[in-house]
Amino acid sequence: MILEVVSSSIIGGIYLAAKLKGGESPTNDHQKIKMIADAVGLKKNGQSIRIHRKYHPKNKHYTEYIYQIPLGLSLEDFQEKHQKFEDGLNNKQTRYLLSFKDLKKIDWKELRKINSLKELPEQFKRMFGEKQLIRKSVEMSFDGMLKIKVYDRAMPTYLPFRESVWEQCKKWHVPIGETKDGVHFIRLDDGHAVIAGTTRYGKTTFLHLLITTFLKLHPDEVEFSLIDLKSGLSFQRYKDCKQVINMAEDLSSAHSCLNDILQEMKHRKAWFKKLGVEKIQDVKQPITRHYIIIDEASNLDYRRMELKSKKDIEAAKFMYEQCKSWMKMIACEAASLGIYLIFSTQYPTAEILDSQVKANTITKICYRLDTGTQSYVVLDHTGAEEITIKGRAIVRTPDGTVQVQSYFLDDQQIEKVITPHIIIKARKDDEDETTGEDPGETGEDTLIIEPV
Ligand SMILES: Nc1ncnc2c1ncn2[C@@H]1O[C@H](COP(=O)(O)OP(=O)(O)OP(=O)(O)O)[C@@H](O)[C@H]1O
């Protein structure tokens, strides 16, 4: 049992409500939602939103309000005002979660004597200071009706990854983290994904979780092309995994890697044609899923490089333009062939995240961004600029938009998964330098030239 303490600056004291988890809230959130919608102009021809149903699922931490919205308004219009709804629902109230253990520590005699929050005894203030604030949060979706879920439970701010979560994974799903309702999985075998976020908020940590999850759960059915444009250090540890076919760390090697992918696409297209199938889901033979992971895609841009000679600038510009056009081709055509682009960047401008790449992206994961405009480029609505917690992300898929606290996977957990997959292999560069001698015959290294 959890007690909820609500402090309100209107009443100028403490209102203590003992209630069971999931009980009725003392305020009427529906009325607040309607008032906020009217106040921010979400009305048409004098018509406001109309409540259709209120729903409180058992054992869940939210109440869902289902509204009919006036003709001419869309989900996007409401999502743009997302912050206004959240602020309005939390207006004038601060809520804390306290356990019975906490309550035992309270000196009730002292508490009865006080008239305002300012007079709270030190011990009580300390206890509240340590507790997590409950801030109601809102999620919106649309299926003909506007559904607004109002959560009254604090989201965790740090979640170490638990290996047991992998046991719940469906095929090609990644357990990105947790919402207020528990573990949240994202499906990554039906399209491409974009991951955006300002520096040090969790993009690369999520990419490690993605790679590790697929190495753990589908080691014989997955391949990776890892394009690490942040000095090549993030993905270095995977370079000897047998599933890693290409590694690139600069424009030139990324260019060559993307060229290889185009060949791979041609090869798969020809094969699918022979089999008489259109998409990977229809292929009965064993076939790998290929994930191209680009970490810091903006670093492909030759204008961000320190190039001096005109010749170098021209060469880099040519490769950059080709990489961009190849990424568009991959975005448009590769998903049905089982090749997926995972595009990660700190700078989601319209220049970096091409509109065609974005349009063909199914999953959008957005950590904190610097501006509402950047948030809009990725999610088509603002909100990511309001995030202040590391690992907190807004995830948008065709199923709707949710806020997630992503898992933090540590180095030991990663090492444990990748160690069984490490082999000694010569990569493409080494291969170019060989004298033509068959390395297999020397009895030393095994040369792996990955076929598909
Ligand atoms: N899910 C998480 N939960 C809590 N803290 C996290 C999480 N993910 C990352 N962090 C913290 O943020 C730091 C940076 O994370 P990460 O390298 O993933 O950031 P990034 O977004 O890739 O940054 P950059 O773009 O600068 O490389 C981590 O070392 C860790 O301290």
Side-chain angles (χ1 to χ4, degrees), residues 132 137 154-166 169 173-180 182-186 188 193-214 224 226-238 247-250 254 291-301 304-305 341-349 351-353 363-371 374-375 377-379 383-396 402-415 417-418:
Q132 221 173 29
S137 62
M155 184 104 119
T157 50
Y158 176 72
L159 279 175
F161 181 68
R162 308 181 306 278
E163 288 172 29
S164 58
V165 169
W166 277 325
C169 270
H173 282 53
V174 176
I176 178 169
E178 293 182 19
T179 66
K180 289 168 236 80
V183 184
H184 188 78
F185 298 90
I186 50 167
L188 285 178
V194 61
I195 295 117
T198 194
T199 181
R200 315 299 291 158
Y201 268 80
K203 297 181 300 297
T204 308
T205 305
F206 167 73
L207 295 175
H208 286 307
L209 181 61
L210 186 166
I211 299 170
T212 312
T213 296
F214 289 166
F224 293 104
L226 303 179
I227 304 182
D228 177 0
L229 299 161
K230 290 193 306 196
S231 74
L233 293 176
S234 316
F235 296 151
Q236 195 60 20
R237 67 181 85 199
Y238 305 107
M247 288 282 289
E249 55 180 58
D250 54 23
Y291 289 87
I292 310 157
I293 301 185
I294 307 184
D295 198 4
E296 204 32 80
S298 68
N299 284 346
L300 283 174
D301 191 339
R304 297 172 67 86
M305 298 168 194
L341 190 62
I342 311 289
F343 185 101
S344 168
T345 184
Q346 273 185 43
Y347 309 100
T349 59
E351 164 70 19
I352 306 291
L353 180 57
T363 306
K364 285 134 184 160
I365 300 170
C366 209
Y367 292 91
R368 181 185 162 76
L369 282 171
D370 292 332
T371 65
Q374 291 182 342
S375 175
V377 171
V378 184
L379 297 167
E385 75 285 4
E386 304 279 349
I387 295 174
T388 53
I389 297 165
K390 288 192 179 213
R392 179 68 53 90
I394 300 174
V395 178
R396 184 164 189 189
V402 288
Q403 269 213 31
V404 171
Q405 180 63 33
S406 28
Y407 286 123
F408 186 79
L409 187 73
D410 65 38
D411 287 347
Q412 274 178 333
Q413 289 171 310
I414 299 174
E415 292 306 322
V417 171
I418 65 180

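Whatever order the structure lists them in is the order used to number ligands and atoms, beginning at 1.
Of all the atoms in ligand 1, the ones that sit under 4.0 Å from a non-hydrogen atom of Tyr407 are 1 (N). Distances below 4.0 Å separate heavy atoms of Gln346 from the following atoms of ligand 1: 25 (O), 26 (O). If you number the atoms of ligand 1 from 1 as listed, the ones under 4.0 Å from a heavy atom of Thr198 come out as 21 (O).
Among protein heavy atoms, the minimum distance from atom 5 (N) of ligand 1 is reached at Lys390 CB, 3.8 Å. When only non-hydrogen protein atoms are considered, atom 28 (C) of ligand 1 lies nearest to Phe408 CE1, 4.1 Å. Of the protein's non-hydrogen atoms, the one nearest atom 18 (O) of ligand 1 is Thr205 OG1, 2.6 Å. Of all protein heavy atoms, the one lying nearest to atom 19 (O) of ligand 1 is Gly202 N, 3.3 Å. With hydrogens left out, the protein atom closest to atom 1 (N) of ligand 1 is Ser406 O, 3.0 Å, a heavy atom. Nearest protein neighbour of atom 22 (O) of ligand 1, counting heavy atoms only, is Thr204 OG1, 2.5 Å. Here the protein heavy atom with the shortest distance to atom 4 (C) of ligand 1 is Tyr158 CD1, 3.5 Å.
Residues Thr204 and Lys230 bring a donor and an acceptor atom of their side chains to less than 3.5 Å of each other. Residues Gln374 and Tyr347 have side chains that never bring a donor and an acceptor to within less than 3.5 angstrom of each other.
Annotation: Gly391 places no N or O atom under 3.5 Å from an N or O atom of ligand 1; distance criterion only. The N/O atoms of Thr199, backbone and side chain alike, include one that comes under 3.5 Å of an N/O atom in ligand 1. Between Glu296 and ligand 1, no N or O atom pair is found at a separation short of 3.5 Å. Considering backbone and side-chain N/O atoms, Thr157 never comes within less than 3.5 Å of an N/O atom of ligand 1.
Look at Leu207 and you'll find every heavy atom at least 4.0 Å from all atoms of ligand 1. A heavy-atom separation below 4.0 Å is not found between Gly197 and ligand 1.
In this structure, Ser406 contributes its side chain and Gly391 its backbone to a donor-acceptor pair below 3.5 Å. A donor-acceptor pair is defined here as one N or O able to donate and one able to accept, closer than 3.5 Å; no such pair exists between the side chain of Gln405 and the backbone of Glu178. Remark: the backbone N or O of Leu379 is paired with a side-chain donor or acceptor of Arg396 at under 3.5 angstrom. Between the side chain of Asp295 and the backbone N or O of Ser344 there is no donor-acceptor pair closer than 3.5 Å.
The CZ atom of Phe206 sits 11.5 Å away from atom CG of Leu409, with the distance rounded to the nearest 0.5 Å.
Distance check for atom 31 (O) of ligand 1: every protein heavy atom is found at 4.0 Å or beyond.
The nearest non-hydrogen atom to atom 27 (O) of ligand 1, considering only Lys230, Lys203, Arg392, Arg200, comes from Lys230.
Contacts between Phe206 and ligand 1 below 4.0 angstrom, taking non-hydrogen atoms only, are absent altogether. Contacts of Leu159 with ligand 1, taken as heavy-atom pairs under 4.0 Å, are absent altogether.
Ion pair Lys203/Glu296 not flagged as a salt bridge, since none of the NZ, NE, NH1 or NH2 atoms sits closer than 4.0 Å to an Asp/Glu carboxylate oxygen.
The one candidate from Thr198, Val378, Val194 that meets the side chain to side chain contact (heavy atoms under 4.5 Å, CB included) condition with Pro348 is Val378. Of the candidates Ile176, Leu188, Ile186, Leu210 forms a side chain to side chain contact (heavy atoms under 4.5 Å, CB included) with just one, namely Leu188.
For His208 and Tyr238, the gap between ring centers is short of 6.0 Å.
By the 30° and 60° cut-offs, the orientation of the rings of Phe214 relative to Tyr291 is tilted.
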